[in-house]
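Let me begin by presenting the structure, written as structure tokens, before commenting on it.
Chain naming here is simple, since letters A, B, ... match the order of the sequence lines and numbering starts at 1 in each.
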There are 2 protein chains.
Amino acid sequence: MDNINKKEFKSTFIKYIEEKGLRHTKQRDVIVDAFFSAGRHITSEELFNIVKKKYPEIGYATVQRNLNLLCKCSLAEEIKIGKQKTRYEQKYGNTHHDHLICLQCGRLIEVNDDKIEKLQEKLAKKNNFTPVKHKLEIYGICAGCKSK
Amino acid sequence: MDNINKKEFKSTFIKYIEEKGLRHTKQRDVIVDAFFSAGRHITSEELFNIVKKKYPEIGYATVQRNLNLLCKCSLAEEIKIGKQKTRYEQKYGNTHHDHLICLQCGRLIEVNDDKIEKLQEKLAKKNNFTPVKHKLEIYGICAGCKSK
DNA sequence: ATGATAATGATTTTTATTATCATTTAGTAT
DNA sequence: ATACTAAATGATAATAAAAATCATTATCAT
């Protein structure tokens with residue numbers, strides 16, 4: 001099940017690579033695998049540390065570059081919260097969602113609400129604005145932190 | 001009319017300064033005035049250039065520091081879009097609003113929708129999450145760019 | 001007027017990300 | 001299999017925004 005997703009994830013990447021006339025490398029393979037298997041929201045540094053275990057000679061820049069590539073083919077997306085360093089979120093097979101962000105512990109909760117989505121469309125149209133994507137972040141205190 | 005707002009804006013700042021035991025300075029006065037009179041979304045660099053005209057000896061750091069102060073007392077708020085440098089938005093006397101952001105020309109349009117606001121509250125509650133603030137950004141193409 | 005300390009301005013540091021560049025490697029053509 | 005072209009890598013430097021440092025200056029309560 002997870003393996004099917006992984007296969008699809010990788011084949012999307014490979015397709016992109018080939019369309020653009022880019023090359024397959026061992027590093028890419030390791031990075032893409034690790035990114036897929038890692039948590040949903042990872043920093044380039046965290047990913048670098050994971051990848052190093054499998055491929056100790058790898059350079060930080062290579063990890064960064066390939067995260068950027070993953071973003072270009074829409075398998076990843078940058079999320080920037082406050083002054084934290086950029087996290088990369090997996091996109092493949094995940095429908096759009098919004099984020100609840102805990103101001104205390106930093107936890108990210110993924111949520112979705114169709115009504116809000118539709119109202120956003122309306123709101124954009126009312127302003128003669130053609131929406132492409134959007135970002136909704138609700139900051140507050142999560143359940144865990146409230147019970148402490 | 002605008003002067004009343006300005007007076008209120010400044011008195012809010014002064015109140016904060018005094019509550020915290022901070023000091024009045026000529027620089028603060030010039031910076032706060034300039035920030036109020038400037039556009040709704042300004043960078044620290046832009047503000048620095050404006051302030052320099054009135055007060056040529058002023059240092060960049062002073063402008064930055066005071067913008068940070070304005071944020072702390074909720075008269076300003078940082079807005080970060082993509083890789084652009086941080087802009088500071090005036091908050092005083094402005095009700096909360098969301099942003100439509102043109103991907104082509106970068107224009108920021110302020111919008112509001114009560115229904116969306118209420119649904120967000122609901123969404124948070126459903127997750128046992130206490131919302132404090134939120135940020136909604138819709139990216140797309142603005143009317144002006146579409147007609148080009 | 002004085003003293004304590006906050007603020008300033010110049011500069012340096014920090015930190016994340018991007019760019020550079022010599023070298024290596026992949027993939028195609030021969 | 002060999003050679004060639006160009007992309008990718010890894011190490012390092014550059015960039016850029018914001019924060020920190022620190023000697024000096026200015027504020028303000030006494």
Polar atom pairs between nucleotides 28-30 of chain D and protein, under 3.5 Å, N or O only, would you list them?
residue : atom : partner : partner atom : Å
D:dC28  : OP1  : B:His24 : N            : 2.9

So which protein nitrogen or oxygen atoms get under 3.5 Å of nucleotides 16-18 of chain D's nitrogens or oxygens?
residue : atom : partner : partner atom : Å
D:dA18  : OP1  : B:Thr86 : N            : 3.2
D:dA18  : OP1  : B:Thr86 : OG1          : 2.5

What nitrogen or oxygen pairs link the protein and nucleotides 21-23 of chain D at under 3.5 Å?
none

Nucleotide-level pairing of DNA chain D, given in dot-bracket where Watson-Crick and G-U pairs need both distances under 3.5 Å and | marks other strands:
||||||||||||||||||||||||||||||
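Running 5' to 3' along DNA chain C, contacts with non-hydrogen atoms of chain B at under 4.0 Å begin and end at C:dA4 to C:dT18.
To the nearest 0.5 Å, atom OG1 of residue B:Thr12 and atom NZ of residue B:Lys91 are 14.0 Å apart. Considering OG of B:Ser44 and CG of B:Asn68, their distance stands at 9.0 Å, rounded to 0.5 Å. Distance check, rounded to the nearest 0.5 Å: SG of A:Cys102 to CD1 of A:Ile138 gives 13.0 Å. To the nearest 0.5 Å, atom CZ of residue B:Arg40 and atom CD1 of residue B:Ile79 are 8.5 Å apart.
One interatomic measurement links the two molecules: CD1 of B:Ile58 to C1' of D:dT24, which rounds to 16 Å at whole-angstrom precision. Taking atom NZ on A:Lys52 and atom P on D:dT9, their separation rounds to 17 Å, with Å as the unit. To the nearest angstrom, P of D:dG10 lies 7 Å from CD of A:Glu57.
Side-chain contact of A:His96 with A:Glu110: a donor-acceptor pair under 3.5 Å is absent, judged by distance alone. Side-chain contact check for A:Tyr139 and A:Glu137: at least one donor-acceptor pair (N or O, by modelled atom type) lies under 3.5 Å.
Listed for the A:Arg107 side chain is no donor-acceptor partner under 3.5 Å among the backbone atoms of A:Leu100. Without hydrogens or angle criteria, A:Thr62 side chain to A:Ile58 main chain gives no donor-acceptor distance under 3.5 Å.
Here B:Phe48 lies out of heavy-atom contact (under 4.0 Å) with every strand.
Aromatic ring centres of A:His41 and A:His99: separated by under 6.0 Å.
Taking the charged nitrogens against the carboxylate oxygens, B:Lys85 and B:Glu45 do have a contact shorter than 4.0 Å, which makes a salt bridge. The existence of a salt bridge linking A:Lys52 and A:Glu57 is excluded, since no basic side-chain nitrogen approaches an acidic carboxylate oxygen closer than 4.0 Å. B:Lys10 and B:Asp29 are joined by a salt bridge, as a carboxylate oxygen and a charged side-chain nitrogen come within less than 4.0 angstrom of each other. At a threshold of 4.0 Å, the pair A:Asp113-B:Lys126 does not count as salt-bridged, since none of the basic side-chain nitrogens sits closer than that to a carboxylate oxygen.
Cluster membership check: A:Tyr60 shares its hydrophobic cluster with A:Ile31, using side-chain heavy-atom separations under 4.5 Å among Ile, Leu, Val, Met, Phe, Trp and Tyr. A:Leu22 and A:Val30 fall within a single hydrophobic cluster, where Ile, Leu, Val, Met, Phe, Trp and Tyr side chains are chained together by heavy-atom contacts under 4.5 Å.
Applying a 4.0 Å cut-off to non-hydrogen atoms, none of the residues of residues 11-20 of chain B approaches DNA chain C.
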List the steps and the verdict of side chain to side chain contact (heavy atoms under 4.5 Å, CB included) for A:Ile42 and A:Glu89.
CA-CA 7 Å; A:Ile42 198 170; A:Glu89 172 172 87; over 6 Å; no
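Contact between the side-chain N/O atoms of A:Asn66 and the OP1/OP2 oxygens of D:dA8 is not found at any separation under 4.0 Å.
Within the cation-pi definition used here (under 6.0 Å to the ring centroid, within 45° of the axis), A:Lys6 does not qualify as a partner of A:Phe36.
When all heavy atoms are compared, the tightest approach of B:Gly82 to A:Lys80 is O-NZ, 3.6 Å.
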